[in-house]
Amino acid sequence: MSDFTIGRKQLYILPTRIGWYYALILCALFGIAVKFDNQSAFMMLFILVSVGLIAMVYTHNNVVNLQLASHPSKSVFLGQSALFPITLSNQSSKPRHAVWLIAGGFHQLTQLDPDQNQTIELKLPTVQRGYLSCEPVSLSSLYPIGVFFCWTKRFLPNERCLVYPQPLDLVAFPDDGAHHGKELKSANVLQGAEDYAGMKAYQDGDRMRDIHWPSLAKTNKLVSIQYENNSNASVNLSWFTLPSSLGVEDRLSQLCFWVIEAEQNGQSYQLEMPNQTIEFDKGLIHYHECLRALALWGETSPSAD
Amino acid sequence: MATLANPLKLLIKPLAPLLSKLPPMPSQPPTHQAHRSTLLQLSVLIGIAVALHFSIANALIAGFGFAIFILKVVIIFKKFSPPPKLILMILTIASLGMVIYVYGGWNGQRAGISFLILLVALKFLESEALRDYYVVCLLLYFLAASSFLFNSSIVNISLVVAYTIATTGILLQISNPAKIPLKSTLGMSVSMVAKALPLAILLFFFFPRIQGSFGFLPSSDAGSTATSLSDNLVAGELASSAFNNELAFRVEFVNGITPSQDQLYWRVKTMPMEDRFQWRVIKPEAKNSVSKPDNSEDSMPTKGEWEYTILHEQSTDRYLPYLDYLKTKSRGISLRDFSVYTPRLALDTFSYAGSSTANSFAEFSQPLNRQELLQISSSPNAKMQLLLNTWREGAGSNAEMVERVYDYFKSQPFEYTLTPRALDDLDPFNDFMFNSQSGYCEHYASAFTIIMRSLNIPSRVVVGYQGGSRVNDGQFIEVRYSDAHAWSEVWIDGQWRRVDPTATISPERINLGMEALMELWDSGLLGSNDTGLALENLLNPTGTSKWLKKIGDSWKSASYQWNKWIVNYDFNAQRQLLAKLGMDQHNSVAMLVSIMSLGGITLLLFYFWQLVPKPVERNPVQRAYLKFVHKFKRHKIYKRPSETPLEFSRRLRSSFPSNQTDIEQITNQYYQLRYSIDSGDSQSDIKQFKNVIARFKPKKN
């Protein structure tokens, strides 16, 4: 988390193309006023000049003293957009109109009432696995009449998003030693005979079908049903069992797919990689540990924290 | 995209090193479409502009513009796409042709504004992207400003300012991708224009006026609507101007010393050439009317007792009105006959100063052109000759003869009328003297002057204005074309004397002024028995009419001030203002520029300061707590906006175990001071709370 206040020195302002047209119109009006020695035209000219200058003040003050703060970003799979939450806060007594939050190719228009915060999720495309740093963020505004354009220095949030490989199902799920358990589990599901073990608060990664919907209606909370550990459902997801025809990225994608599959099935799984092995386990911590290992495969320090 | 980009790039090129120091601009946000409600509002504005154009220029062009406008409104309503390029091209060529056909070319204000209005309508029709609508709005600004070429009145500028506010409102809506309600848009644009006004006024008064011309701009239309007094006096023509209520000029007397109504003779031009009861001026360019240098009459001109400034409406007359008898003047060249001639016509209203005196004075040094001043083409008939002889006989002096003629007009049943009958073509003079015996001032002036010349007294007809209506208890005088008047000047004892035969025929005209006379005329009371009573009512209004007169007076007064300070604020007025402010006039441009930039920058800085968003007011407890939160910044720990102080403290406790008790205490105290109802001795508590926070130091173990 880092933050950034837009002071006067962080703010830049220039006329827009429309602003130059406006200046052109004013020049023409000046010519007419001088040519016909028409004082009312002079008055009008100066009113328009002043409106332009006042617009500059408005544009500047629409963005100055805003504060930006970044928040940690959640990991995503390659192909999904990385989301970086940025809080834009207006701790002043004036509303801010039409402020653009821009990062890379991402644009989001916001509007802030006095003393209001707003959290905007920067949506950035992911193009490769590994860490994705947040793009520099800047604000810009054309408010009020579009003759001036102001923008801020770039604010580089100290955030990065871990991008997991894109899950791809290329090879059948390994059934070495675990085939039996899996079959059994599927049978259980079919018969509705999985062993009920209790309820717990919903957690990211819980299966949709395990959510106990009636309690949602009653208590307005997501509750998932826990089933007894199926001890014999364990699987070894190994780099080495993959066909040699697959490239590195495809292998990682496949392993990623299997990790998700195994976690979804509630199996215990082990990830075997050339440089490390993550022992049999299950649950979200284990799940993310495996995915991180896949995401950072080939980085200079594979065991990066 | 690239249409105007290249010249702009050239313009920016020298600035490139400077611009490169700026941080890179962010990528452009996507443009949006203008809202339909905005477009409808814009079309209302354009509709008003086109409709008003009917009153300025040709109906054909205005009608064409209106048709284009209607087409666009249909397109907006039905959500059609804009017409194809070919049709637009044809329409553009058609409108060009129309302007050339109607005005016979490009030049001229009317042609220019007509073309502009067609341009706005066509651009509006073509508009699709946001930028097109921006350009339409900018053209509307320009159009509103150019309407001043036709009308600079206070009403017009109020309308134009309202129009500017509305156009700014449209720009506001166009440049904001989100929809904003009309009411807040209007509020915004009113406040923007209101903030712009002080700056505009400052610039207006101190922007150095230069006198130059831009040849490439359309020149003003020749023979525009401005009126003037004719250079010929034809019997019956001046009478018809009695119904022309148009303002000629306004006069403000400087020291509050105003002449009485019967002394208000505004002399414009003299007409020495007579031809069958018609008079005309001698053009100053022609033969012997040598224009006299300003200071030849006396080396040190002394001011007369009446000092005044005249604010003249636009006029095509080259002669300027001054009060009789002129002493000093600020504009124009004195001619030998004391009329004042200006070689350069003003394109708008103009102002000048003068001073005059009640006493006539001799024509200096130059020999009188007796032949010219005695020439007559109307010969007196036998009856007239008889009269002339009786006047000549036994008269001791010319003055006595003048007196006798004057008395004759008084004793005979001459009648004053605004609708004189036409006179006999061949012998109008005698026809008037013995048959018609009724006429307007020009008849009496003509007849009197012809008689004078027949008696061998040099004389001439003078055309000008007489009287004028006093506004706001005589604060200033308005003189209208209906006040136009003709009288005589006769050369007696080496002096030019003003003789107004109308004064004997219709004393009301001179003593009460034309306005009163017209009122009487309208109510049919002129010359009847009830004249006295009607006059009484007119001069001392009661009840509603009194209020109406008051309102009318203050309106006239406002528009006088407007004209004086805004419409006529030219090069000279600016120098006068500087002098009034006690500044050096010789260095005026530098002076003006420095005042203007200094004042402008000060005002802008004031706006920056005043409009800069101020932090929300926090109470002392909140401020102290924020100080506490900021202390963790060094350790890269920030309080999230969504976090409550309690949640924050929990988070802190895990990373700052050594500060645990302090953090707990501060958080508890904060809750207590901020939310508990009975915070007893709060002032000292707050002080203590502040002290605790001031002493607090986060220590990471």
Side-chain angles (χ1 to χ4, degrees), chain A residues 1 3 12 17-18 20-22 25 28-29 31-32 34-51 53-55 57-58 60-61 64-65 69 71 87 89-94 97-98 100 102 105 107 109 111 114-115 117 138 140 142-146 151 153-154, chain B residues 8 22-23 25-27 29-30 131 134-135 138 141-142 144-146 148-149 152 157 160-161 164 168 171-172 174-178 188 192-193 195-197 199-200 203-204 207 210 212-214 217 220 347-348 566-570 604 607-608 611-617 636 638 640-641:
Chain A
M1 176 140 171
D3 74 353
Y12 301 88
R17 183 191 296 265
I18 297 299
W20 290 113
Y21 288 171
Y22 189 74
I25 289 275
L29 195 53
I32 295 245
V34 172
K35 164 100 186 178
F36 295 105
D37 204 8
N38 188 311
Q39 303 303 321
S40 311
F42 266 117
M43 188 51 137
M44 189 66 198
L45 167 70
F46 295 134
I47 288 178
L48 289 180
V49 167
S50 309
V51 165
L53 291 175
I54 297 285
V57 175
Y58 270 78
H60 172 270
N61 287 349
V64 80
N65 290 353
H71 307 286
T87 300
S89 55
N90 172 21
Q91 299 196 342
S92 70
S93 48
K94 283 212 161 70
H97 312 264
W100 286 98
I102 300 170
H107 298 87
L109 186 74
Q111 203 162 334
D115 201 16
N117 303 314
S138 52
S140 94
L142 283 168
Y143 178 85
I145 53 171
W151 76 103
K153 253 185 190 162
R154 288 146 158 245
Chain B
L8 279 182
L22 296 178
M25 282 194 208
S27 58
R131 196 187 312 140
Y134 267 117
V135 171
L138 296 184
Y141 274 141
F142 189 75
S146 24
F148 288 125
L149 299 182
S152 285
I157 196 157
V160 167
V161 167
T164 307
T168 311
L171 274 181
L172 257 162
I174 287 180
S175 51
N176 199 335
M188 266 303 305
M192 270 186 78
V193 174
K195 283 185 181 108
L197 276 182
L199 198 57
L203 289 174
F204 179 79
F207 183 84
I210 32 174
S213 72
F214 295 116
L217 289 170
S220 54
L347 291 167
D348 206 328
I566 306 294
V567 180
N568 285 289
Y569 189 78
D570 58 1
L604 262 187
Y607 278 136
F608 260 112
L611 295 174
V612 91
K614 307 269 185 333
V616 186
E617 284 284 307
K636 298 252 155 53
Y638 302 90
R640 286 189 209 110

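In what follows, chains carry the letters A, B, and so on, assigned in the order in which the sequence lines appear, proteins first and then strands, with residues in each chain numbered from 1.
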* **Portion of P144(A) that has a non-hydrogen atom of chain B nearer than 4.5 angstrom** => both
* So what's closer than 4.5 Å to chain A heavy atoms on L138(B): side chain, backbone, both or neither? -> both
* Structure fact -> Under 4.5 Å to a heavy atom of chain B? For I102(A) that would be side chain
* Asked: For D115(A), is it the side chain, the backbone, both or neither that has a heavy atom under 4.5 Å from a heavy atom of chain B?
  -> both
* **Distance, nearest 0.5 Å, that separates CZ of F148(B) from CD1 of I32(A)** => 12.5 Å
* Among the listed options L142(A), N65(A), V49(A), V51(A), the residue most often paired with chain B at heavy-atom distances under 4.5 Å -> V51(A)
* Asked: Using non-hydrogen atoms only, which part of L109(A) is less than 4.5 Å away from chain B: side chain, backbone, both, or neither?
  -> side chain
* Mind listing the closest non-hydrogen atom pair of K195(B) and I54(A) along with its distance? => O-CD1, 3.8 Å
* Give, as side chain, backbone, both or neither, the part of I157(B) having an atom under 4.5 angstrom from any heavy atom of chain A. => side chain
* Is the Y134(B)-Y21(A) ring centre distance short of 6.0 angstrom? -> no
* To do: Measure the OH-CD1 distance between Y58(A) and I145(A) for me, rounded to the nearest 0.5 Å.
  => 10.5 Å
* To do: Would you give the length of the straight line joining atom CE of M188(B) to atom NE2 of H97(A), rounded to the nearest 0.5 angstrom?
  => 6.0 Å
What donor-acceptor contacts under 3.5 angstrom involve side-chain atoms of residues 40-48 of chain A, with partners at least two apart or in another chain?
residue : atom : partner : partner atom : Å
S40(A)  : OG   : S152(B) : OG           : 3.2

* To do: Count the heavy-atom pairs under 4.5 Å between each of A196(B), P177(B), A178(B) and chain A, then report the option with the highest count.
  => A196(B)
* Asked: At their closest point, which heavy atom of G146(A) faces which heavy atom of I18(A), and how far apart are they?
  -> O-CB, 3.8 Å
* **Max heavy-atom pair count under 4.5 Å with chain A, selected residue of V160(B), N176(B), L172(B)** => L172(B)
* State the CG-NZ distance between N61(A) and K94(A), to the nearest 0.5 angstrom. => 7.5 Å
* Among the listed options N90(A), V64(A), V57(A), the residue most often paired with chain B at heavy-atom distances under 4.5 Å -> V57(A)
* **Residue Y143(A) versus chain B: region with a heavy atom under 4.5 Å** => side chain
